[in-house]
Amino acid sequence: MDMEKVYNFKTVEGKWSKYWVENKVFSAKVDKNKKPFTIVIPPANITGSLHMGHALNTTLQDIIIRFKKLQGYNTLWVPGTDHGGIATQNVVEKLLKKKGINKYELGREKFLEKMWQWRNETGDTILSQLKMMGCGLDWDRVAFTMDESRSKAVKKAFIELFNKGLIYRGKRLVNWCTRCGTALSDIEVEYADEKSSLWHIKYPLKDSNEYIVIATTRPETMFGDTTVAVNPDDDRYKKLLGKIVMLPLVNREIKIIADYTIDKTFGTGALKVTPSCDAVDNEIARRNNLEVIDVIDINGKLINGPESYKGLTVKEAREKVVKELEINGHLIKVEDYDHKVGKCYRCSTTIEPLMSEQWFLDVRQMSKKAIEVVDECKTIFHPESWKRPYTLWLENLRDWCISRQLWWGHRIPIYYCVDKQGNKTNCKPIASFEKPTQCLCCKGSNFVQDEDVLDTWFSSALWPISVFGWQEDKHNEELKYFYPTSVLATGHEIIYLWVARMVQFGLEFMKEVPYRDVFIHGIVRDKHGKKMSKSLGNVVDPREIMDNYGTDTLRFALACAGAPGRDIQISQESFLSARNFANKIWNASRFIIMNLEGIENLDDEDITAIELSDKWILAELYKMSLKVKKAYESYNIDTASRTLYDFFWVKYCDWYIELSKIRMMSEDLQAKKQVLKILAHVLKVILQLLSPVMPFITSEIWQILGEKKIIAESEFLNELKENDKCNIEKMKSLQDIIIALRTIRSKMNISPAQQIEALFNVLDESKEKVVKENESYVKQLAKLSSISFAKNIVRPKNSALAVVSGFEIFLPLEGLIDIEKEKTRLLKDLALAKQEIEKSTSKLQNDNFINRAPSSEIEKIKTRLNEANIKLEKVSESLKFLD
RNA sequence: GGGCAGUUAGCUCAGGUGGAAGAGCAUUUCCCUUACAAGGAAGAGGUCGCGGGUUCAAACCCUGCACUGCCCACCA
């Protein structure tokens with residue numbers, strides 16, 4: 001077998017990603033004899049190309065899917081993309097704008113053609129990137145939130161909800177983005193700090209010289225004021241309640257009323273109430289039956305104010321109002337004031353709250369049920385700490401504004417009856433899949449469809465049921481088998497936008513939660529903890545990492561990067577160790593494979609552990625395997641990855657392979673076969689356990705090892721239940737000796753090529769046997785020419801000393817030893833021993849410790865004290881000779 | 001204003017149920033020893049944010065506080 005010295009990921013990765021797709025390795029069918037394990041991918045927006053967030057999200061899901069497949073589940077991971085509503089429309093709008101095309105001039109139909117063209121040309125970019133990443137998705141099931149079937153699901157859901165009376169139309173205060181020209185739901189508004197001013201304005205009382213001062217951040221909305229509100233307990237204003245004030249500049253009469261929500265301590269304690277521009281004010285107006293006067297239109301320009309203001313932008317109007325108030329002496333003072341201003345989550349334009357006719361979804365019942373199922377652990381958050389934010393959000397949720405004044409999206413399946421002139425009649429609108437033929441009220445046959453489209457998250461919320469064909473009429477086997485899905489993996493930024501809504505819709509339409517587990521992972525940040533963004537220029541492009549270091553490297557680095565639920569910081573440097581790990585795997589495997597050449601009949605079935613090192617590595621392997629599997633099961637992907645790394649590098653390579661070298665290269669074919677069997681077995685188990693994280697390199701090596709089934713389709717090898725802890729302890733003694741001797745060699749600068757002899761003075765007879773039996777280990781790894789065991793050995797001149805594992809070891813180093821260095825070393829040892837004696841003694845002299853600590857703990861301390869005492873004695877003795 | 005996380009070696013982070021502080025990177029010394037220099041061996045580096053408490057024993061449990069980050073919220 002020809003294996004390069006440095007792992008060449010490029011050829012390996014290309015080969016396997018192609019293989020998995022072409023051979024439909026991850027395709028799944030209903031199979032009632034097998035348990036399903038299902039994940040639906042969070043559908044990426046079609047504007048997207050792979051960024052670190054996707055890379056993390058999909059890596060974690062792929063790890064879970066591949067692990068479950070190895071465990072024998074019928075796994076299914078459904079791929080797909082999202083049409084992405086505003087985000088996508090914005091991208092195409094911008095592209096057209098560059099070409100000088102305006103969407104309104106183009107018209108709805110032509111614009112949608114452009115949208116579809118764009119979607120068809122670039123919308124699958126991210127899917128091909130997921131293939132490159134090796135994601136074990138079922139590529140026969142690619143879904144798109146706006147394909148025919150998913151569109152049907154959206155209509156079906158809308159019609160059902162409408163007919164239940166849960167979807168209603170109403171004029172309400174909504175979040176309006178003047179740039180996107182659409183309403184947004186409450187969660188689509190992001191708040192940003194903005195430096196502004198607080199203007200204190202005099203509102204004069206009618207027929208009086210008195211006035212009340214209000215404080216506002218939005219003076220330009222004053223033309224929509226319908227009252228001034230104060231707290232009923234505010235002594236300053238009690239006498240003014242019910243009085244009339246004259247609204248400055250327009251001299252309209254408005255009343256001073258009391259409302260308990262007014263904060264006496266803020267501003268002047270008096271609030272100008274503009275019900276059409278502010279949610280709080282709107283509430284006050286509702287409670288007090290106040291008039292609502294629109295002052296800002298959907299273009300962000302003033303209406304209904306004085307003639308000279310009409311058509312001004314908010315900014316222009318503000319400047320003008322302030323100036324006029326100042327001239328008229330109404331402006332008392334202007335304070336600097338920082339506050340949060342709502343911004344569109346897609347284009348960052350300042351949101352104007354304004355009155356608008358929209359479709360709303362009544363979420364009260366759905367929210368209640370969505371909270372219940374999480375309380376009852378029908379769906380479990382990992383980590384659990386996300387349960388509370390989820391619940392709190394649902395508890396305070398207001399009805400969902402689901403209509404958007406966009407063109408790209410699912411057009412609302414509502415039809416209005418129109419008369420011959422094309423004007424809407426007063427007949428009841430009809431929710432329907434197709435244009436109705438006859439009006440139920442007036443028997444008319446002319447209809448127009450609602451112009452609006454649905455919030456993109458409406459179709460996302462249906463994802464776990466729509467991908468399994470809930471919308472299709474035929475009896476649905478797939479939905480029954482694969483739903484509820486097993487786990488949803490996502491970052492915490494879309495718990496509200498998406499996760500909660502899927503639970504609501506899943507319960508509403510299926511009477512069953514959409515997934516058993518929700519695995520919330522962190523958001524990828526740069527090495528300074530900043531969110532990655534193009535504007536900050538701190539983006540680490542996963543494709544670049546894949547190109548430079550390989551996909552397995554990217555995946556491993558991400559898998560290790562953080563504990564569940566915590567944001568992770570990642571930098572170029574963090575990929576180096578993963579890259580090195582891949583190379584280490586390659587070379588260790590290459591070494592085993594080289595030695596396997598020409599050896600036949602290596603059967604996993606009859607592995608016999610002959611030596612201590614064999615028993616030890618099998619015991620460690622068993623321990624590690626349990627730990628890794630448990631970690632995968634509980635979504636502790638970082639623990640699984642790190643455990644594998646450590647085991648492979650330290651236990652397997654640094655110790656077991658090193659200890660096995662002699663036998664591996666031995667002339668004795670029996671001995672050689674025996675050790676290679678274990679080496680190969682351990683390697684295979686590691687490869688299997690690691691394959692979910694690093695599927696490429698493990699698949700390749702697995703194949704080179706001669707396995708017929710590919711690793712992804714293999715089943716976990718049985719661990720040899722070698723779990724005798726005794727062997728781990730025995731090995732520990734030997735390792736301690738080896739390390740002690742290596743330390744001396746290193747301190748004395750003895751070249752690795754130079755073999756030295758060692759005299760082992762036995763202090764603890766119980767250890768003698770193990771070390772004697774395995775003295776070759778010590779000789780080999782500490783590079784000794786010979787070891788002689790005896791009792792009461794006299795210290796040879798010019799020798800170095802190690803007191804370890806029940807031995808006093810002398811290394812005669814005539815001509816090599818540096819007496820001063822040895823002295824320093826021993827003095828340090830001595831100090832440590834003294835410290836230990838002090839600590840242990842004081843513990844053992846403490847009656848409370850003796851009475852209350854478990855006996856095993858007391859024994860441990862006694863042993864420690866004993867060893868320290870021996871060390872102290874032997875080291876001081878030795879120091880005398882050095883003078 | 002609430003809620004949630006975090007604070008451990010120079011940097012990035014691990015540390016189930018409390019019993020002598022760990023890794024990677026960086027750093028020092030030695031070594032191209034026939035798998036790997038993207039490597040091997042050895043070392044240096046930490047009063048585990050601060051103050052109380054519980055306990056024989058606290059990085060870990062309880063309680064204050066400080067700082068950082070995130071999310072939510074109608075102080076105009």
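Below, chain A is the first sequence line, B the second, and so on; all start at residue 1. Atom set for the values below is all heavy atoms of this structure, side chains included, hydrogens, waters and symmetry mates excluded.
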Measure from the side chain of [X], starting at C-beta and using heavy atoms only, and say which of [options] lies closest.
{"X": "A:T743", "options": "B:A42, B:G24, B:C75", "result": "B:A42"}
{"X": "A:K5", "options": "B:A37, B:G19, B:C72", "result": "B:A37"}
{"X": "A:N580", "options": "B:A38, B:A76, B:A35", "result": "B:A38"}
{"X": "A:H492", "options": "B:C70, B:G3, B:G19", "result": "B:C70"}
{"X": "A:A588", "options": "B:C4, B:A35, B:G19", "result": "B:A35"}
{"X": "A:Y645", "options": "B:G24, B:C36, B:G19", "result": "B:G24"}
{"X": "A:V6", "options": "B:A38, B:C72, B:A76", "result": "B:A38"}
{"X": "A:C653", "options": "B:A35, B:A20, B:G40", "result": "B:A35"}
{"X": "A:L271", "options": "B:A35, B:A38, B:A76", "result": "B:A76"}
{"X": "A:W649", "options": "B:C74, B:G39, B:C70", "result": "B:G39"}

[X] [atom1] to [N] [atom2], straight-line distance once rounded to whole Å:
{"X": "A:I523", "N": "B:G69", "atom1": "CD1", "atom2": "C1'", "result": "11 Å"}
{"X": "A:R398", "N": "B:C72", "atom1": "CZ", "atom2": "P", "result": "14 Å"}
{"X": "A:K747", "N": "B:A41", "atom1": "NZ", "atom2": "P", "result": "16 Å"}
{"X": "A:D646", "N": "B:G15", "atom1": "CG", "atom2": "C1'", "result": "13 Å"}
{"X": "A:N231", "N": "B:A76", "atom1": "CG", "atom2": "P", "result": "16 Å"}
{"X": "A:D829", "N": "B:A42", "atom1": "CG", "atom2": "C1'", "result": "14 Å"}
{"X": "A:D654", "N": "B:A42", "atom1": "CG", "atom2": "C1'", "result": "13 Å"}
{"X": "A:E395", "N": "B:A73", "atom1": "CD", "atom2": "C1'", "result": "14 Å"}

Report yes if a side-chain nitrogen or oxygen of [X] is closer than 4.0 Å to either non-bridging phosphate oxygen (OP1 or OP2) of [N]; otherwise report no.
{"X": "A:K783", "N": "B:A41", "answer": "no"}
{"X": "A:Y390", "N": "B:C4", "answer": "no"}
{"X": "A:K860", "N": "B:A20", "answer": "yes"}
{"X": "A:R864", "N": "B:A20", "answer": "yes"}
{"X": "A:K828", "N": "B:A44", "answer": "yes"}
{"X": "A:K627", "N": "B:G16", "answer": "no"}

Taking atom [atom1] in both [N] and [M], what distance in whole Å separates the two?
{"N": "B:C31", "M": "B:C36", "atom1": "C1'", "value": "15 Å"}
{"N": "B:C62", "M": "B:G19", "atom1": "P", "value": "15 Å"}
{"N": "B:U28", "M": "B:G10", "atom1": "C1'", "value": "14 Å"}
{"N": "B:C61", "M": "B:U17", "atom1": "P", "value": "7 Å"}
{"N": "B:A58", "M": "B:G52", "atom1": "P", "value": "14 Å"}
{"N": "B:U54", "M": "B:A42", "atom1": "P", "value": "44 Å"}
{"N": "B:C4", "M": "B:A9", "atom1": "C1'", "value": "28 Å"}
{"N": "B:U63", "M": "B:G6", "atom1": "P", "value": "15 Å"}

CD/A:Q755: more than 12 non-hydrogen atoms of other groups inside 6.0 Å: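 Counting neighbours around CD of A:Q755, more than 12 heavy atoms of other residues, nucleotides or ligands fall under 6.0 Å, so yes.
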
RNA chain B in dot-bracket, Watson-Crick or G-U pairs under 3.5 Å, [ ] crossing, | other strand? (((((((..((((.....[..)))).(((((.......))))).....(((((..]....))))))))))))....

Cut-off 3.5 Å, side chains only: do [X] and [Y] have a donor facing an acceptor?
{"X": "A:E838", "Y": "A:S842", "value": "no"}
{"X": "A:T221", "Y": "A:K272", "value": "yes"}
{"X": "A:H339", "Y": "A:E194", "value": "no"}
{"X": "A:Y345", "Y": "A:E188", "value": "yes"}
{"X": "A:S385", "Y": "A:K387", "value": "no"}

Using a 4.0 Å heavy-atom cut-off, does [X] contact any base of the nucleic acid, only the sugar-phosphate backbone, or nothing at all?
{"X": "A:R388", "result": "sugar-phosphate"}
{"X": "A:K340", "result": "base"}
{"X": "A:R642", "result": "sugar-phosphate"}

Does the ring of A:W400 carry A:R501 above it, NZ/CZ under 6.0 angstrom from centre and within 45° of its axis?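 A:R501 over A:W400 ring: yes.
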
Between A:N231 and A:D259, does a side-chain hydrogen bond (donor to acceptor under 3.5 Å, both in side chains) hold up when you go through it step by step? CA-CA 5 Å; A:N231 194 296; A:D259 194 281; over 6 Å; no

Is any side-chain N or O of A:E658 under 3.5 Å from a base N or O of B:A35, one able to act as donor and the other as acceptor?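 Checked by distance alone, the answer is yes.
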
B:A41 base / A:R742 side chain donor-acceptor hit below 3.5 Å: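 No, no donor-acceptor pair under 3.5 Å.
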
Check: A:Y390 ring centroid to A:F381 ring centroid under 6.0 Å: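 Yes, the ring centres sit under 6.0 Å apart.
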
Proximity of A:Y7 and A:W586 rings by center, below 6.0 Å: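 Yes, they do, as the ring centres are separated by less than 6.0 Å.
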
